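These notes are about the structure you will find just below.
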Amino acid sequence: QVQLVESGGGLVQAGASLRLSCAASGQTISTYSMGWFRQAPGKEREFVAGISWNGRTTDYADSVKGRFTISRDNAKNTVYLQMNRMKPEDTAVYYCAASQWVGVRNLYDEYDYWGQGTQVTVSS
C-alpha cells in the first residue's frame, strides 16, 4: 500500500506561484508513474500533469502547459507540482496519485493510489 499526502496548497492572487508536494509512505514510489489531478466545485476530476517513474517523460493538460511543471525526487519519495502564472480557473482541490502502469498515465482509472487532496484558490 502507498499512502500519499499532499501539501502546499493555499490562497494566492492571479499571477502568483505555488509549489505542491506529495509525500509518499508505505513503500517506495520509484517504480510508479505519478500524476496530479484537480477537481473544481461541480466539475469532474481532471488530469493536470503526469511523470514517468524515472522522471524522463512528462505530460500536461493543455490548460496548464507552459505554466506548471511536475517533477519527482525518488530519494525523498516525493513528487512536486510547480504552478506559475496562476489563474482563477486553476482553483480546485489538487490530488496526487500513483499508478503501477508503465509510462505516463492521464486517465483517472489508471491510478491505483490517491491522496486526500489540498485546496488551491486563486483570486482575481
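Please read these numbers as outputs of a predicted model, since none were measured by experiment.
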Basic-acidic side-chain contact under 4.0 Å: D90, K87: no
Tell me whether Y80 is reachable from V120 by hopping between hydrophobic residues (I, L, V, M, F, W, Y) whose side-chain heavy atoms are closer than 4.5 Å. no
Let me check something: do L81 and I51 share a hydrophobic cluster, defined by ILVMFWY side-chain heavy atoms less than 4.5 Å apart, either directly or through other members? yes
If you apply the rule side-chain contact (heavy atoms from CB on, under 4.5 Å), what do you find for W36 with E6, and how did you get there? CA-CA 10 Å; W36 286 95; E6 302 93 339; 3.8 Å; yes
Could you check whether any side-chain heavy atom of I70 comes within less than 4.5 Å of a side-chain heavy atom of V79, counting everything from C-beta outward? yes
Y111 with L20, same ILVMFWY side-chain cluster at under 4.5 Å: no
Tell me, with the steps shown, if E46 and R38 meet side-chain contact (heavy atoms from CB on, under 4.5 Å). CA-CA 5 Å; E46 64 175 359; R38 67 187 181 187; 2.7 Å; yes
Beyond-backbone contact of Y60 with T69, side-chain heavy atoms, under 4.5 angstrom: yes
Any side-chain heavy atom of M83 sitting closer than 4.5 Å to one from V12? no
Among Y95, Y94, F47, the one residue meeting ring pair (Phe, Tyr, Trp, His ring centres under 6.0 Å) with F37: F47
State, with a plain yes or no, whether a side-chain heavy atom of V104 is found less than 4.5 Å away from one of S33. no
Should W53 and W114 be counted in the same cluster of Ile, Leu, Val, Met, Phe, Trp and Tyr side chains packed under 4.5 Å apart? no
